[in-house]
Number of protein chains: 2
Amino acid sequence: MQNLSQIFSALSDMTRLSVVERLMAEGELSAGDLLDDVGMSAPAMSRHLKVLRRAGLVQVQVDGTRRLYSVRPDAMKAIADWTLDHRAFWQAGLDRLEVHLALEEKD
Amino acid sequence: MQNLSQIFSALSDMTRLSVVERLMAEGELSAGDLLDDVGMSAPAMSRHLKVLRRAGLVQVQVDGTRRLYSVRPDAMKAIADWTLDHRAFWQAGLDRLEVHLALEEKD
DNA sequence: CCAATAATTAACTTGAATGTTAATTAACAA
DNA sequence: TTGTTAATTAACATTCAAGTTAATTATTGG
């Protein structure tokens, strides 16, 4: 599994975040499929996919002349794990906020 | 709440990711405190903090000449929510992987 | 008021990221 | 083989990110 900041870096671009979300929703897609309606050249998309690959967020399966991309579940889990590792912090914080709002309502 | 890609962008830098983790572990710290052992100029850190602020990841509380920074729980929750929104995807993927590994063990 | 401390903003340099078009590689099909 | 399609790599231009030092703002204490 890759570095977490590298994963975040890969997702810091709207194009790449959209690609990942689309792959999770629609399953594996080719580089050409991912190009639809994006208004971007093929080489540009190819490089975005390379960034996602190197971050460990997607994997490729060769299918003839096409490359089928899909999201790696373990990469998504790495992010989920990180948030859950700190859940005690943000859960407590949100609870405090809720109490605060509840008290404010009384005024 | 800010854009998710903006949050990821803020966390894509190791310095900033470390700052966020340190703030979650130690509670609120001043800009000067955060500078310790980082080997970086104050202006550089100041700008990292600005990035985190604009992404909605941290908040500031003025205390005399110091600025006390802390992590905003709702920002962390936004990331957690995103991963959980797609949990069905990566959970299923990991289960499949587990089955795969279990079957491989039999050989 | 004046000096000291904390932090930010300004100005500048440098390296990385992102897009383009052109060229290259690889697989398939006539 | 030859031509077509899919995708990537090469080369280049431009914009953005991140660091530095110097200057500025704001608060506190003598």
Side-chain angles (χ1 to χ4, degrees), chain A residues 2-23 26-72 75, chain B residues 2-23 26-72 75:
Chain A
Q2 313 299 325
N3 194 333
L4 200 55
S5 75
Q6 198 181 355
I7 290 180
F8 286 140
S9 181
L11 295 175
S12 70
D13 180 277
M14 261 312 292
T15 300
R16 292 192 294 263
L17 180 57
S18 300
V19 163
V20 167
E21 290 190 321
R22 195 167 159 206
L23 288 176
E26 303 181 31
E28 65 180 13
L29 293 172
S30 70
D33 292 337
L34 289 167
L35 210 56
D36 299 342
D37 308 320
V38 177
M40 177 181 286
S41 67
M45 176 59 77
S46 181
R47 275 172 63 186
H48 279 304
L49 291 170
K50 190 179 200 171
V51 172
L52 290 172
R53 232 182 301 135
R54 298 180 69 168
L57 264 160
V58 304
Q59 55 197 346
V60 202
Q61 199 190 341
V62 178
D63 171 42
T65 66
R66 300 186 311 161
R67 308 289 158 93
L68 298 177
Y69 283 87
S70 55
V71 174
R72 288 182 55 175
Chain B
Q2 312 299 325
N3 194 338
L4 200 54
S5 75
Q6 198 180 358
I7 291 180
F8 287 140
S9 181
L11 295 175
S12 70
D13 180 276
M14 262 312 292
T15 300
R16 292 192 293 262
L17 181 57
S18 299
V19 162
V20 167
E21 290 189 321
R22 196 168 159 205
L23 287 176
E26 302 181 31
E28 64 181 13
L29 294 171
S30 69
D33 292 338
L34 288 167
L35 210 55
D36 298 343
D37 307 322
V38 177
M40 177 181 285
S41 66
M45 176 59 77
S46 182
R47 276 171 67 184
H48 279 304
L49 291 169
K50 189 179 200 169
V51 171
L52 290 172
R53 232 182 300 134
R54 297 181 70 169
L57 265 159
V58 304
Q59 56 197 345
V60 202
Q61 199 189 341
V62 178
D63 171 42
T65 67
R66 300 187 312 163
R67 309 288 158 93
L68 298 178
Y69 283 87
S70 54
V71 174
R72 289 182 54 173

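The shown structure was predicted, so the numbers you read here are calculated from the model rather than taken from an experiment. Residue numbers begin at 1 in each chain, while the letters A, B, ... track the order of the sequences.
As rounded to whole Å, 11 Å separates atom C1' of D/dT20 from atom CE of B/Met40. A straight line from CG of A/Asp63 to P of C/dC28 spans 8 Å, rounded to a whole angstrom. Summarising the geometry, the separation between CD on B/Gln61 and P on D/dT27 is reported as 15 Å, rounded to the nearest angstrom.
Residues A/Leu23 and A/Leu34 are in side-chain contact: their nearest non-hydrogen atoms beyond the backbone lie under 4.5 Å apart. Put simply, the side chain of B/Arg22 reaches to within 4.5 Å of the side chain of B/Leu29, judged on heavy atoms. Under the 4.5 Å side-chain criterion, counting only non-hydrogen atoms from C-beta, A/Val62 is in contact with A/Arg67. Between A/His48 and A/Val19, the closest side-chain pair of non-hydrogen atoms is not below 4.5 Å.
Looking at A/Ser9, its side chain never comes within 3.5 Å of a backbone N or O of A/Ser5 through a donor-acceptor pair. Put simply, the side chain of B/Gln6 gets close to the backbone of B/Arg54: a donor and an acceptor are under 3.5 Å apart.
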At a cut-off of 3.5 Å, list every protein nitrogen or oxygen paired with a nitrogen or oxygen from nucleotides 6-14 of chain C, distance to 0.1 Å.
unit_1: C/dA6; atom_1: O4'; unit_2: B/Thr65; atom_2: OG1; d: 3.2
unit_1: C/dA7; atom_1: OP1; unit_2: B/Ala31; atom_2: N; d: 3.4
unit_1: C/dA7; atom_1: OP2; unit_2: B/Gly32; atom_2: N; d: 2.9
unit_1: C/dT8; atom_1: OP1; unit_2: B/Tyr69; atom_2: OH; d: 2.4
unit_1: C/dT8; atom_1: OP2; unit_2: B/Ser46; atom_2: OG; d: 2.9
unit_1: C/dT8; atom_1: O5'; unit_2: B/Ser46; atom_2: OG; d: 3.0

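Residue A/His48 places at least one side-chain N or O closer than 4.0 Å to OP1 or OP2 of C/dG19.
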